[in-house]
Amino acid sequence: MFKQDDQLNNRSYYEATVLRDAAKPLLRGSLDVDVCVVGGGLAGLSSAIELAKRGYRVAILEARRIGWGASGRNGGQMIAGFACDNNIFERELGLEGARAAWQMSVEATELIRERIAEFNIDCDFVPGYMTVSVKPSKTCDLRAGFEELTQKYHYPHLQFIEPNELPDWIASPRYHAGLFDAGSGHLHPLKYTLGLARAAEQLGVQLYEHSPVTHFRAGEPAIVETQEGSIRARFVVLAGNVYLGQLAPQIEPHIMPVGTYIIATEPLDPTTANTLIRDRVAVCDNNFVLDYFRTTVDHRMLFGGRVSYSTLTPPNLPNVMRGNMLRAFPQLQQAKVEYCWGGFVDISMNRAPDFGRLAPNLYYLQGFSGHGLAATGLAGKLAAEAIAGQAERFDLMARVKHRPFPGGRLLRTPALVLGMLYYRLRDML
Ligand SMILES: Cc1cc2nc3c(=O)[nH]c(=O)nc-3n(C[C@H](O)[C@H](O)[C@H](O)COP(=O)(O)OP(=O)(O)OC[C@H]3O[C@@H](n4cnc5c(N)ncnc54)[C@H](O)[C@@H]3O)c2cc1C
């Protein structure tokens with residue numbers, strides 16, 4: 001759907017370090033199931049697993065390969081919370097609703113730990129995550145976040161890292177203070193996603209790859225069509241991220257595709273890698289356009305950031321990304337960059353996830369806004385609960401209102417670029 005998207009994914013460190021199973025079949029002919037899931041990323045797989053566990057007959061239709069989208073390409077940072085501030089939930093749902101939403105995000109991180117154990121998924125999981133500030137004014141934001149989460153949201157896993165303590169944590173001249181979260185962590189997202197796909201299959205879910213959905217009709221049953229086949233389903237879950245596009249024109253304007261990019265260095269000397277970040281936790285700064293990084297089990301620095309609001313890959317990407325990495329870790333001057341890739345996140349106007357129904361039996365899960373590694377798992381669980389008749393938690397999240405991006409299909413992107421420029425400038429001041 002987006003120019004250069006395949007090329008971007010082909011250069012991913014993750015694709016280079018997994019052994020994919022043979023491709024799943026294309027959907028051919030007609031099939032009857034209880035639930036048809038569109039999209040073989042983390043949101044779709046989570047929905048399918050939860051539904052299959054409840055006894056539903058489920059099929060997933062994936063346009064490319066399982067994990068081809070953001071789920072197989074992301075920074076691997078498993079973080080409690082959502083991309084938006086809690087005050088968005090407070091405004092829309094009241095304090096108790098916002099607390100419930102926060103608690104669900106914590107449940108999402110626990111769900112990943114549970115699934116790794118339950119399905120025996122080898123995905124390089126490392127506990128621990130730290131948000132860092134690049135200057136004193138951003139440290140004030142960090143401290144405010146610490147106070148809010150500990151006092152108002154009763155989150156017990158945080159530790160504030162004062163400026164004089166930070167050098168013990170990160171060997172970088174760039175950062176000022178930190179907020180450590182022992183409840184979050186990081187993993188190899190493609191290994192995790194493929195592990196979930198295997199688990200789903202073991203639970204009886206039918207997986208179809210290279211089977212893009214071209215059309216669907218609401219109704220009972222709903223009909224979901226691909227070029228060579230069709231599925232009759234009592235329920236449909238749309239989990240296609242920005243790639244759904246015009247398949248669901250009602251919800252497309254709620255999200256915008258924003259490109260974000262990652263590099264991985266060659267393997268570093270293990271002792272050097274150990275000295276960069278204490279306990280090898282994941283790190284992310286609290287700028288609006290943020291840098292996120294971690295070291296991998298094979299001792300590479302994996303450094304993400306840089307965004308594109310135009311869906312075009314920024315020029316000279318590996319060098320620009322390398323420059324960002326060296327700004328944080330000048331000691332990596334000699335380290336070669338071996339991989340550079342990227343993908344699209346589905347940002348919503350208010351950065352809150354966008355869950356809802358297009359019809360009573362037609363669910364959608366989107367708007368993770370670059371913070372979906374854990375939240376997608378929760379999303380699938382909530383959709384499954386709702387389909388099984390327990391819609392309270394899904395409906396709480398679905399109460400968050402989502403406005404379309406202004407400007408219609410053609411003018412949305414320029415309008416977004418202008419809006420983001422303001423925030424980028426704020427980061428620089
Ligand atoms: C570079 C990058 C870094 C990121 N880093 C982080 C991070 O560190 N931490 C974090 O929490 N989040 C991160 N994210 C966000 C996170 O990866 C996403 O929020 C999450 O993976 C979204 O999962 P999904 O299942 O909704 O979408 P996807 O994984 O994109 O899956 C959607 C799937 O639907 C398929 N599809 C679409 N349309 C159709 C159709 N018509 N028919 C059939 N199939 C279709 C697509 O092919 C795709 O495989 C990052 C994202 C990117 C791109």
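Please read all numbers here as calculations on a predicted model, not as lab measurements. As the structure lists them, so they are numbered: ligands from 1, and atoms in each ligand from 1.
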Protein heavy-atom partner closest to [atom] - residue, atom, separation in Å:
{"atom": "atom 14 (N) of ligand 1", "value": "Asn74 CB, 3.5 Å"}
{"atom": "atom 41 (N) of ligand 1", "value": "Val213 O, 3.2 Å"}
{"atom": "atom 5 (N) of ligand 1", "value": "Gly75 N, 2.8 Å"}
{"atom": "atom 35 (C) of ligand 1", "value": "Glu62 OE1, 3.2 Å"}
{"atom": "atom 51 (C) of ligand 1", "value": "Val345 CG1, 3.3 Å"}
{"atom": "atom 34 (O) of ligand 1", "value": "Gly39 CA, 3.2 Å"}
{"atom": "atom 23 (O) of ligand 1", "value": "Ser71 OG, 3.2 Å"}
{"atom": "atom 13 (C) of ligand 1", "value": "Gly370 O, 3.4 Å"}

Check your understanding: Touching ligand 1 at all, Gly304? Heavy atoms, strictly under 4.0 Å?
Key -> no
Output yes when [X] and [Y] qualify as a salt bridge under the 4.0 Å nitrogen-oxygen rule, no when they do not.
{"X": "Arg399", "Y": "Glu92", "result": "no"}
{"X": "Glu209", "Y": "Arg64", "result": "no"}
{"X": "Asp21", "Y": "Arg198", "result": "yes"}
{"X": "Arg65", "Y": "Glu15", "result": "no"}

Which is closest to [atom] in terms of heavy atoms, [options]?
{"atom": "atom 45 (C) of ligand 1", "options": "Gly245, Ala63, Gly377", "value": "Ala63"}
{"atom": "atom 8 (O) of ligand 1", "options": "Gln77, His186, Glu209, Arg306", "value": "Gln77"}
{"atom": "atom 16 (C) of ligand 1", "options": "Gly372, Ala375, Gly44", "value": "Gly372"}

Does any N or O atom in [X] lie less than 3.5 angstrom from one in ligand 1, N or O only?
{"X": "Met78", "value": "no"}
{"X": "Ile262", "value": "no"}
{"X": "Ile79", "value": "no"}

**Study point:** Gly76 neighbourhood, listing ligand 1 atoms whose heavy-atom distance to it stays under 4.0 Å
**Key:** 8 (O)
Review point. Which atoms of ligand 1 sit under 4.0 Å from any heavy atom of Pro212?
Key: 42 (N), 43 (C)
Practice item. Anything under 30° is parallel, anything over 60° is perpendicular, the rest tilted; go ahead and classify His254 against Tyr364. Key: perpendicular
Point to revise | Donor-acceptor side-chain pairing of Thr139 and His176 below 3.5 angstrom | key: yes
Review point. Quick one: do the Arg115 and Ser46 side chains pair a donor with an acceptor below 3.5 Å?
Key: yes
With heavy atoms under 4.0 Å as the rule, classify the contact between [X] and ligand 1 as side chain, backbone, both or neither.
{"X": "Leu45", "answer": "neither"}
{"X": "Phe368", "answer": "side chain"}
{"X": "Tyr292", "answer": "side chain"}
{"X": "Leu247", "answer": "side chain"}
{"X": "Thr376", "answer": "side chain"}
{"X": "Pro189", "answer": "neither"}

Check your understanding: Side chains of Arg322 and Leu326: closer than 4.5 Å at any heavy-atom pair?
Key -> yes
Review point. Is the centre of the Tyr14 ring less than 6.0 Å from the centre of the Trp341 ring?
Key: yes
Check your understanding: Got a sec: does the CD of Glu220 have more than 12 other heavy atoms crowding it under 6.0 Å?
Key -> no
Exercise for review: Verify the neighbour count for atom CG of Asn120: are there more than 12 heavy atoms of other residues, nucleotides or ligands below 6.0 Å?
Suggested key: no
Revision key, fill the gap. When Tyr155, Phe160, Phe180 are each screened for ring-ring contact (aromatic ring centres under 6.0 Å, His included) with Phe146, the one that passes is Phe160
Study note, to complete from the structure: Which of Val37, Leu31, Leu26, Ile231 passes side chain to side chain contact (heavy atoms under 4.5 Å, CB included) with Leu61? It is Ile231
